[in-house]
Amino acid sequence: MDNPQPSAPPVIALSAYERNGEAFSLAPQYAAAVCQAGGLPILFPPQCPEARIILLRCDALVLTGGGDISPDFYGAPCDDSTHAMHPDRDAAEIALAREAIARRIPVLGICRGLQIINVALGGDLLQDLPKSIGTRICHRNAEHNPIMHEVIVLPDTLLGSIVGRDTLEISSWHHQAIANMAPALRINAIAEDGVIEAVDMPDNPDVFAVQWHPEHTAAGDPHQQTLFNWLVQRAARRLVRTQQHTARQRLSGKDARKAANAVAAKPARRETVKSR
């Protein structure tokens with residue numbers, strides 16, 4: 001079979017975030033896009049001490065949006081514009097990103113998730129875009145609503161192969177971005193003001209991240225939905241490999257038991273001794 005399918009939908013883990021110390025939450029569009037792609041979404045709080053166990057139970061990881069990452073994690077002083085920090089979540093997601101990448105578990109970073117991947121791999125961040133590069137393009141408006149703008153998809157990139165376009169209209173809601181990109185990453189898209197909008201990892205085809213929020217518009221924009229389709233397809237491939245490996249191990253175990261049983265059932269050879 002050229003394209004074997006897993007026996008069950010791949011499980012896609014989505015990191016939830018704490019809201020005002022009262023609850024863990026996540027916008028429902030994330031799960032909807034994963035479901036539309038054929039995956040089974042599960043939400044988890046990344047700052048749980050045993051959160052890394054989730055990587056043993058899932059087939060892919062989505063690092064979702066949220067507050068600013070503490071500059072302590074990339075060795076910079078804290079700008080007065082940096083806010084809504086949760087260092088416990090930062091530490092947990094950085095560890096999750098590193099371990100998922102090392103285990104070749106497919107990872108999709110969204111907005112803050114892109115920044116987590118960059119920091120986890122040794123990069124750092126611009127803490128406030130208006131201060132750093134000006135306001136030629138608005139990446140986050142004052143009304144706390146996402147804003148649409150265009151990004152340029154670079155040629156011969158993973159993003160280009162996924163969406164099949166050289167520009168995309170995207171939903172943006174961020175005031176921080178990559179400053180110095182981690183050496184392991186490669187730029188896939190930029191905004192007209194030079195902000196890095198998408199990255200992949202040439203040495204690991206299962207890692208991809210965008211600075212925008214594709215879940216905002218995925219229901220009505222097939223190009224945004226294809227990002228979730230890509231993730232679920234990578235997860236399905238990994239799941240099939242795992243299931244095939246498990247089946248081979250079981251078959252090997254059965255063969256070993258059959259051989260052992262055959263030896264045990266074989267009559268013992270008796271030596272006859274002739275009397276003199």
Side-chain angles (χ1 to χ4, degrees), residues 10-35 37 39-75 78 82-125 127 173-178 182 184-185 199 201 204 206-216 227-228 231-232 234-235 238:
V11 175
I12 312 300
L14 301 158
S15 59
Y17 52 86
E18 186 176 342
R19 188 180 292 277
N20 301 323
E22 298 176 354
F24 290 102
S25 65
L26 189 68
Q29 293 96 327
Y30 286 101
V34 168
C35 288
L40 176 63
I42 60 170
L43 276 61
F44 72 98
Q47 54 267 63
C48 173
E50 303 301 327
R52 292 167 72 179
I53 293 176
I54 198 70
L55 298 179
L56 301 174
R57 310 290 177 85
C58 73
D59 304 300
L61 173 67
V62 179
L63 295 167
T64 63
D68 295 343
I69 299 168
S70 171
D72 289 344
F73 290 98
Y74 50 92
C78 188
T82 298
H83 65 286
M85 292 177 287
H86 293 278
D88 289 348
R89 181 187 180 190
D90 299 340
E93 287 191 330
I94 287 169
L96 280 169
R98 288 171 177 162
E99 188 161 346
I101 290 169
R103 291 189 183 189
R104 297 276 173 161
I105 295 171
V107 180
L108 174 61
I110 293 177
C111 196
R112 167 193 159 92
L114 173 144
Q115 297 167 14
I116 283 286
I117 291 170
N118 185 55
V119 171
L121 297 176
D124 59 19
L125 304 176
Q127 293 188 48
W173 176 243
H174 66 102
H175 78 112
Q176 298 192 332
I178 291 176
L185 299 177
V199 297
M201 194 172 178
N204 187 337
D206 289 321
V207 178
F208 183 68
V210 295
Q211 184 58 78
W212 67 87
H213 282 273
E215 79 282 2
H216 285 174
L227 303 181
F228 295 93
L231 180 71
V232 172
R234 299 301 299 186
R238 185 175 189 274

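Reckoned from all heavy atoms, side chains included, excluding hydrogens, waters and symmetry mates. Residue numbers run from 1 in the order of the sequence given.
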Is the closest side-chain heavy-atom distance between [X] and [Y] below 4.5 Å?
X	Y	value
Ile116	Phe73	no
Cys35	Pro41	yes
Ile54	Leu96	yes
Met85	Cys78	yes
Phe208	Leu227	yes
Phe44	Leu61	yes
Tyr30	Ile110	yes
Arg89	Pro45	no

Least distance between heavy atoms, [X] atom then [Y] atom:
X	Y	value
Ala235	Pro106	N-CG, 3.9 Å
Ile178	Val199	CD1-CG1, 4.0 Å
Ile117	Leu63	CG1-CD1, 3.9 Å
Leu185	Met201	CD2-CB, 4.3 Å
Ala184	Leu121	CB-CD1, 4.4 Å
Asn118	Ala182	OD1-N, 2.8 Å

Intermediate values then yes/no, side-chain contact (heavy atoms from CB on, under 4.5 Å), Tyr17 and Leu26
CA-CA 7 Å; Tyr17 52 86; Leu26 189 68; 3.8 Å; yes
Full working for side-chain contact (heavy atoms from CB on, under 4.5 Å) between Ile42 and Val11
CA-CA 7 Å; Ile42 60 170; Val11 175; 3.6 Å; yes
Nearest-0.5 Å distance that lies between atom [atom1] in [X] and atom [atom2] in [Y]:
X	Y	atom1	atom2	result
Arg98	Glu93	CZ	CD	13.0 Å
Ile12	Phe228	CD1	CZ	11.0 Å
Cys58	Leu14	SG	CG	9.5 Å

Using distance alone, with no hydrogens and no angle criterion, decide if Glu215 and His213 have a side-chain donor and acceptor under 3.5 Å apart.
yes
Side chains of Glu18 and Ser25 only: does a donor on one sit below 3.5 Å from an acceptor on the other?
no
Say whether, by atom type as modelled, one donor and one acceptor occur between the side chain of [X] and the main chain of [Y] under 3.5 angstrom.
X	Y	result
Arg238	Asp59	no
Thr64	Ser15	yes
Asp90	Ile69	no
His174	Gln176	yes

Exactly one of Arg112, Gln127, His175 clears side chain to side chain donor-acceptor pair (under 3.5 Å) with Asp68, and that residue is His175
Determine whether Arg234 and Asp206 satisfy the following criterion, salt bridge (charged side-chain N to carboxylate O under 4.0 Å, His left out), listing intermediate values before the conclusion.
CA-CA 7 Å; Arg234 299 301 299 186; Asp206 289 321; 2.6 Å; yes
Verify side-chain contact (heavy atoms from CB on, under 4.5 Å) between Arg103 and Leu56, making sure each step is shown before the conclusion.
CA-CA 10 Å; Arg103 291 189 183 189; Leu56 301 174; 2.9 Å; yes
